[in-house]
Amino acid sequence: MYDYFLRGKDYYEVDRKAAARVEAIAPGARTAAATNRRFMHRATRWLAGEAGVRQFLDIGTGIPTSPNLHQVAQETAPDARVVYVDNDPVVLRHAEALMHSTPEGRTAFVHADFRDPRSIIESPRLRDTLDLSRPVALSLNALLHFVPDDERPYDAVRFLLDALPSGSYLGLSHCTPDFDPEMWVKILGVYHGSGIPGQVRSRDEILRFFDGLDLVEPGVEVPHRWRPEGELPEGTTDGAVSLYAGLARKP
């Protein structure tokens with residue numbers, strides 16, 4: 001569905017129909033997807049540029065959409081190393097597109113589930129690509145709203161961060177009901193009816209994922225106001241986007 005909202009071509013008819021039902025409720029769904037994608041690009045450029053990060057762990061990768069995270073990171077830092085993680089077999093079939101690294105850098109794909117963070121951190125492929133004694137940027141963009149509280153997302157994030165050294169970063173984006181609660185009741189009904197778990201969270205609940213970290217300015221913000229570049233596309237409003245995004249450093 002996310003690929004459909006991004007005007008991609010890698011989705012099934014059932015995805016298109018479900019996405020159309022979401023768009024009938026939330027006409028800004030495509031705007032939200034595109035805004036989220038631009039946040040990922042800006043945050044990655046900041047990490048590779050100003051912060052000097054050379055290692056990235058992107059969980060919940062989704063179907064590759066160019067430019068993907070490794071392309072953005074390696075444009076700034078050709079020696080950047082990126083590990084992608086997803087549990088979707090459809091993404092696994094597209095993983096080859098994620099492997100085209102610069103000669104100086106490296107990319108790898110791990111087929112694993114965020115809800116089992118130990119399997120990610122202990123993956124031989126991850127360990128062969130990333131040096132966990134050096135800072136890593138952990139990217140959880142548009143992932144955590146698919147992990148309800150009963151699946152312990154806060155514990156999983158903490159486990160991952162505990163495995164990373166000082167100077168690492170957490171970047172994430174997350175859907176929120178703060179701007180239109182009734183709309184989200186209907187949207188979640190579509191997702192749940194399609195067998196997709198989901199839980200949107202308030203800004204305070206999203207802030208909890210950053211406990212113990214030092215937030216990068218401007219903190220947790222709607223993504224189109226997180227270090228914006230240029231004019232916003234028409235229709236980019238808080239209500240249409242209904243996301244929060246942020247980036248923080250591990251002391």
So salt bridge (Lys or Arg N to Asp or Glu O under 4.0 Å) across residues 98-109, not counting sequence neighbours, yields R106-D128

Residue pairs passing the salt bridge (Lys or Arg N to Asp or Glu O under 4.0 Å) test with at least one member in residues 189-201, sequence neighbours excluded, are D149-R201

(message) Check this for me: R225, atom CZ, are more than 12 non-hydrogen atoms of other residues, nucleotides or ligands nearer than 6.0 Å?
(response) yes

TODO: Give a yes or no on this: more than 12 heavy atoms of other residues, nucleotides or ligands lie within 6.0 Å of atom CD of E75.
DONE: no

For Y84, the ring pair (Phe, Tyr, Trp, His ring centres under 6.0 Å) test, sequence neighbours excluded, returns H70

Which heavy atom of [X] sits nearest a heavy atom of [Y], and at what distance?
{"X": "P153", "Y": "V147", "answer": "CG-O, 3.6 Å"}
{"X": "F39", "Y": "P223", "answer": "CB-CB, 3.8 Å"}
{"X": "E205", "Y": "Y154", "answer": "O-OH, 2.8 Å"}
{"X": "A80", "Y": "F56", "answer": "CB-CE1, 4.2 Å"}
{"X": "T176", "Y": "S202", "answer": "OG1-CA, 3.9 Å"}

Spatial distance of atom [atom1] ([X]) from atom [atom2] ([Y]) [nearest 0.5 Å]:
{"X": "F109", "Y": "R125", "atom1": "CZ", "atom2": "CZ", "answer": "9.0 Å"}
{"X": "Q199", "Y": "Y191", "atom1": "CD", "atom2": "OH", "answer": "15.0 Å"}
{"X": "S168", "Y": "L47", "atom1": "OG", "atom2": "CG", "answer": "10.5 Å"}
{"X": "L213", "Y": "L215", "atom1": "CG", "atom2": "CG", "answer": "7.5 Å"}

4.5 Å side-chain heavy-atom contact, [X] and [Y]:
{"X": "V157", "Y": "L172", "answer": "no"}
{"X": "R203", "Y": "L207", "answer": "yes"}
{"X": "Q74", "Y": "S101", "answer": "yes"}
{"X": "V222", "Y": "L243", "answer": "no"}
{"X": "M40", "Y": "R45", "answer": "no"}
{"X": "F179", "Y": "V241", "answer": "no"}
{"X": "H41", "Y": "L69", "answer": "no"}

With a cut-off of 3.5 Å and sequence neighbours excluded, list every side-chain donor-acceptor pair involving residues 244-251.
unit_1: Y244; atom_1: OH; unit_2: D178; atom_2: OD2; d: 3.2
unit_1: K250; atom_1: NZ; unit_2: L161; atom_2: O; d: 2.7
unit_1: K250; atom_1: NZ; unit_2: L164; atom_2: O; d: 2.4

As a quick check of understanding, evaluate side-chain contact (heavy atoms from CB on, under 4.5 Å) for N68 and Q71, giving each step before the final call. CA-CA 5 Å; N68 221 306; Q71 295 166 312; 3.8 Å; yes

Restricting to side-chain hydrogen bond (donor to acceptor under 3.5 Å, both in side chains), what partner residues turn up for [X], sequence neighbours left out?
{"X": "D211", "answer": "none"}
{"X": "D204", "answer": "none"}
{"X": "E182", "answer": "none"}
{"X": "T237", "answer": "none"}

Contacts of D162 meeting salt bridge (Lys or Arg N to Asp or Glu O under 4.0 Å) (sequence neighbours excluded), chain-then-number -> none

Are [X] and [Y] linked, directly or through other ILVMFWY residues, by side chains that come within less than 4.5 angstrom of each other?
{"X": "L57", "Y": "F146", "value": "no"}
{"X": "V136", "Y": "L170", "value": "yes"}
{"X": "L143", "Y": "V82", "value": "no"}
{"X": "V190", "Y": "M183", "value": "yes"}

Counting N and O atoms only, with roles assigned by atom type, does the side chain of [X] sit under 3.5 Å from a partner on the main chain of [Y], one being a donor and the other an acceptor?
{"X": "Q55", "Y": "P135", "result": "yes"}
{"X": "R227", "Y": "W46", "result": "no"}
{"X": "R81", "Y": "R54", "result": "no"}
{"X": "R127", "Y": "I121", "result": "yes"}
{"X": "D86", "Y": "G62", "result": "yes"}
{"X": "T35", "Y": "T31", "result": "yes"}
{"X": "H174", "Y": "N141", "result": "no"}
{"X": "S173", "Y": "A142", "result": "yes"}

Just checking, any donor-acceptor pair under 3.5 angstrom between side chains of D58 and S139?
-> yes

### Message
Under a 3.5 Å threshold, yes or no: a donor from one side chain and an acceptor from the other, between D88 and H111?
### Response
no

* Asked: Where do V110 and V83 land on the side-chain contact (heavy atoms from CB on, under 4.5 Å) test, with the steps shown first?
  -> CA-CA 7 Å; V110 174; V83 171; 3.8 Å; yes

Those residues at least two apart in sequence (or on a different chain) that pass side-chain contact (heavy atoms from CB on, under 4.5 Å) with E234 are none

For P197, the side-chain contact (heavy atoms from CB on, under 4.5 Å) test, sequence neighbours excluded, returns P148

- Task: Run the numbers on L138 and Y169 for side-chain contact (heavy atoms from CB on, under 4.5 Å), then give the verdict.
- Result: CA-CA 6 Å; L138 172 62; Y169 286 83; over 6 Å; no

side-chain contact (heavy atoms from CB on, under 4.5 Å) test vs F209 passes for just one of L140, L144, V220, namely L144

Sequence neighbours excluded and cut-off under 3.5 Å, please list the side-chain donor-acceptor pairs for residues 112-120, or say none.
unit_1: D113; atom_1: OD1; unit_2: R115; atom_2: N; d: 2.8
unit_1: D113; atom_1: OD1; unit_2: R115; atom_2: NE; d: 3.0
unit_1: D113; atom_1: OD2; unit_2: N87; atom_2: ND2; d: 3.0
unit_1: D113; atom_1: OD2; unit_2: R115; atom_2: NE; d: 3.4
unit_1: D113; atom_1: OD2; unit_2: R115; atom_2: NH2; d: 2.7
unit_1: R115; atom_1: NH1; unit_2: E151; atom_2: OE1; d: 3.4
unit_1: R115; atom_1: NH1; unit_2: E151; atom_2: OE2; d: 3.3
unit_1: D116; atom_1: OD2; unit_2: S119; atom_2: OG; d: 3.4
unit_1: R118; atom_1: NH1; unit_2: E122; atom_2: OE2; d: 3.4
unit_1: S119; atom_1: OG; unit_2: D116; atom_2: O; d: 2.7

